[in-house]
A.B. asks: 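Dumping the structure here so I can ask a few things about it.
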Amino acid sequence: MNKRYVLGADIGGSHITAALIDLSNGVVAEGSKCKEQVNAGAGADDIIGCWSKAIDDVLSFAGSGIPAIGIAMPGPFDYPEGISLIRGVAKYESLYGMNIRTALKASLNFSGNVYFENDASCFALGEAWAGEGAGCSRIVAVTLGTGLGGTFLYNKHILHEGKGVPSGGYIYNLPYRNGIAEDYISSRWLLNEYHRRTGTRLPDVKSIGDLAEKQDATALALFMEMGNALGEVLTPWLEDFEAECLVIGGNIRKAHPYFLPALQACLQQHKINTTIHVSSRGEASALSGAAWLCKSLLVKNNAR
C-alpha cells in the first residue's frame, strides 16, 4: 500500500470497525474492513486491546505506508488531546482520564499520527466527502439513534458557532416542549412512548419499525410525531444557517418511510427549501469522515 490510504475507525458502544480509506475519494478499500466486539464495561487494558486488534488487523492488511489513523469517538472526549472524559454513562468508564492516543500508539507500535473527532461529526464529514452531501457547501447532518446527534458543516469544516449554528453545534439539548430535543427524538422516546401508550415493552426500535410496516397505528403515529418534532426543532436553524441539504443517519434512519413524510411536511409548512437525504452508506460514512481528519495534514505535508 502507498500513502493514498489512511486508516479510519469508528468506535461504538459495543464494537469497533476499522478500514482503509482511499484518500482520493473517501471510499472504503475492498476487503480491508475489520470489526471487533468490545465489552464497554471491561477494564482499560481489555478495551484498548480490542481496539488495537481491529486496527492492527487493518494495518497488517495494508502491509506498510499508512501515515495516519482517524478515529470517530463518542463523547465526552477531549478530541485534540485524545483524552477520554466518558463517565456516568455505563460505558468505557475505565478509560476516564486516559490518553487514548498514547495508549493506542504504544499498543500498536504505530509512529504515525492519530486523530480523534466526535462520531456524529465524522458521519457528517463522510457524507460531505463521499455521500449524500457531496457537492454541497452548507450541510446539516443528524444521527437518529439512542440519542440525537447533529453537526453543522461549511465546506467540510465543523462549525461550533456562528450564524445559524446552535451553541457548540449541538442540537440534542435544544429546548423543546417540556424538555430538550433528545427527549422527543430518540430511540429512548420511541420505546418509552410505545410502552406508555400500549402497555407493551419492545426490545428495540426495529420492533417498532416492523409494527409500522404491518400498519400498527401506534407505531405509525409515533414515527410521524417524531418526524414532525425533528422538523420543528431544525426549522429555525436550517433557515438561519441557509442549509443546502440535511442528511439523516443513525439506526433509526432505516425507518424513514414512516417519519420522513412528517418531517418534509413540517419543513414545507415553514417554507424551508433544504433538501433532505437519507444516508445509504451508514457506518462507511463515519469511517470516511474519520479518515478525512487526516487528509488535510497529509496533503499539506506532501506539498512540501
Side-chain angles (χ1 to χ4, degrees), residues 6-19 33-61 66 68-123 125-126 143-151 158 160 168-170 172-173 180 182 186-188 191 203-205 249-251 282-283 285-287 289-291 293-294:
V6 295
L7 191 150
D10 178 36
I11 290 177
S14 61
H15 74 281
I16 175 174
T17 304
K33 188 183 290 187
C34 178
K35 187 169 186 174
E36 287 284 333
Q37 295 301 309
V38 181
N39 177 6
D45 288 346
D46 287 345
I47 294 171
I48 295 298
C50 285
W51 291 351
S52 296
K53 183 181 185 308
I55 293 171
D56 195 44
D57 284 351
V58 177
L59 290 174
S60 296
F61 177 87
I66 301 304
I69 297 170
I71 299 178
M73 175 75 71
F77 196 91
D78 183 336
Y79 295 102
E81 297 299 322
I83 297 173
S84 177
L85 302 175
I86 300 172
R87 184 166 62 178
V89 291
K91 64 179 181 181
Y92 301 133
E93 301 272 352
S94 62
L95 301 180
Y96 182 80
M98 176 180 287
N99 190 309
I100 306 302
R101 177 182 289 116
T102 300
L104 282 175
K105 290 184 71 168
S107 178
L108 295 164
N109 192 26
F110 181 73
S111 60
N113 293 306
V114 179
Y115 303 94
F116 299 90
E117 185 52 84
N118 177 266
D119 47 359
S121 295
C122 284
F123 164 76
L125 288 169
T143 51
L144 307 177
T146 305
L148 174 62
T151 303
I158 302 167
H160 301 288
Y170 302 120
Y172 80 94
N173 58 349
I180 59 174
E182 191 172 84
S186 62
S187 59
R188 174 167 45 88
L191 291 168
D204 49 39
V205 171
N251 284 333
E283 190 175 50
S285 279
L287 294 170
L293 305 175
C294 314

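All values reported here derive from a predicted model rather than from experimental measurement. Numbering of residues begins at 1 and proceeds along the displayed sequence.
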A.B. asks: Measure the OG-CG distance between Ser84 and Leu95 for me, rounded to the nearest 0.5 Å.
C.D. replies: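 That separation rounds to 5.0 Å.
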
A.B. asks: Residues two or more places apart in sequence or in another chain: which of them pass side chain to side chain contact (heavy atoms under 4.5 Å, CB included) with Lys91?
C.D. replies: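 Expected list: Ala40, Pro74, Ile86, Val89.
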
A.B. asks: Can you tell me if Ser187 uses its side chain to pair, donor with acceptor, with the backbone of Gly145 under 3.5 Å?
C.D. replies: yes

A.B. asks: Is it true that, when you exclude Asp78 itself, more than 12 heavy atoms of the residues, nucleotides or ligands shown sit nearer than 6.0 Å to its CG?
C.D. replies: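 Yes.
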
A.B. asks: Between Leu104 and Trp51, which heavy-atom pair has the shortest distance, and what is it?
C.D. replies: CD2-CB, 4.2 Å

A.B. asks: Can you sort out the partners of Ala9 under side chain to side chain contact (heavy atoms under 4.5 Å, CB included), two or more places apart, ordered by chain and number?
C.D. replies: Leu7, Ile16, Ala18, Ile71

A.B. asks: Indicate yes or no for a side-chain donor-acceptor contact from Ser107 to the backbone of Ala103 under 3.5 Å, with no hydrogens or angles considered.
C.D. replies: no

A.B. asks: Drop me the distance from Leu293's CG to Asn113's CG, to the nearest 0.5 angstrom.
C.D. replies: 11.5 Å

A.B. asks: Would you name the heavy atoms of Gly150 and Ala120 that are closest together and state the gap between them?
C.D. replies: N-CB, 4.5 Å

A.B. asks: Any donor and acceptor pair, going by atom type alone, linking the side chain of Glu117 with main-chain N or O of Cys122 inside 3.5 Å?
C.D. replies: no

A.B. asks: Run the numbers on Leu108 and Ile69 for side-chain contact (heavy atoms from CB on, under 4.5 Å), then give the verdict.
C.D. replies: CA-CA 11 Å; Leu108 295 164; Ile69 297 170; 4.2 Å; yes

A.B. asks: How far does OG of Ser52 sit from CG of Asp57, to the nearest 0.5 angstrom?
C.D. replies: 10.5 Å

A.B. asks: With respect to Glu283, which candidate in Lys33, His15, Lys35 satisfies the side chain to side chain donor-acceptor pair (under 3.5 Å) definition?
C.D. replies: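 Output: one option passes, namely His15.
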
A.B. asks: Measure the spacing between OH of Tyr96 and CD1 of Ile83 and express it to the nearest 0.5 Å.
C.D. replies: 10.0 Å

A.B. asks: If every non-hydrogen atom of Cys294 is compared with every non-hydrogen atom of Tyr115, which pair is closest and at what distance?
C.D. replies: SG-CD1, 3.7 Å

A.B. asks: How long is the straight-line distance from CD1 of Ile55 back to OG1 of Thr17, given to the nearest 0.5 Å?
C.D. replies: 11.0 Å

A.B. asks: Looking at every heavy atom in both Ala44 and Met98, which two are closest together, and how far apart are they?
C.D. replies: CB-CE, 3.5 Å

A.B. asks: Taking all non-hydrogen atoms of both residues into account, name the closest pair between Ala72 and Asp119 and its distance.
C.D. replies: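 Closest pair (atom of Ala72, atom of Asp119, distance): CB-CA, 3.9 Å.
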
A.B. asks: Minimum heavy-atom separation for Met73 and Ile11, please, with both atom names.
C.D. replies: CE-CD1, 3.5 Å

A.B. asks: List in chain and number order the residues that pass side chain to side chain donor-acceptor pair (under 3.5 Å) with Glu36, two or more places apart in sequence or in another chain; answer none if no residue qualifies.
C.D. replies: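 Glu36: side chain to side chain donor-acceptor pair (under 3.5 Å) contacts with Lys53.
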
A.B. asks: Can you list the steps and then say if Thr151 with Phe123 is a side-chain contact (heavy atoms from CB on, under 4.5 Å)?
C.D. replies: CA-CA 9 Å; Thr151 303; Phe123 164 76; over 6 Å; no

A.B. asks: Measuring from atom CG of Leu148 to atom OG1 of Thr143, what distance do you get when rounded to the nearest 0.5 angstrom?
C.D. replies: 7.0 Å

A.B. asks: More than 12 foreign heavy atoms under 6.0 Å from CZ of Phe77: is that the case here?
C.D. replies: yes

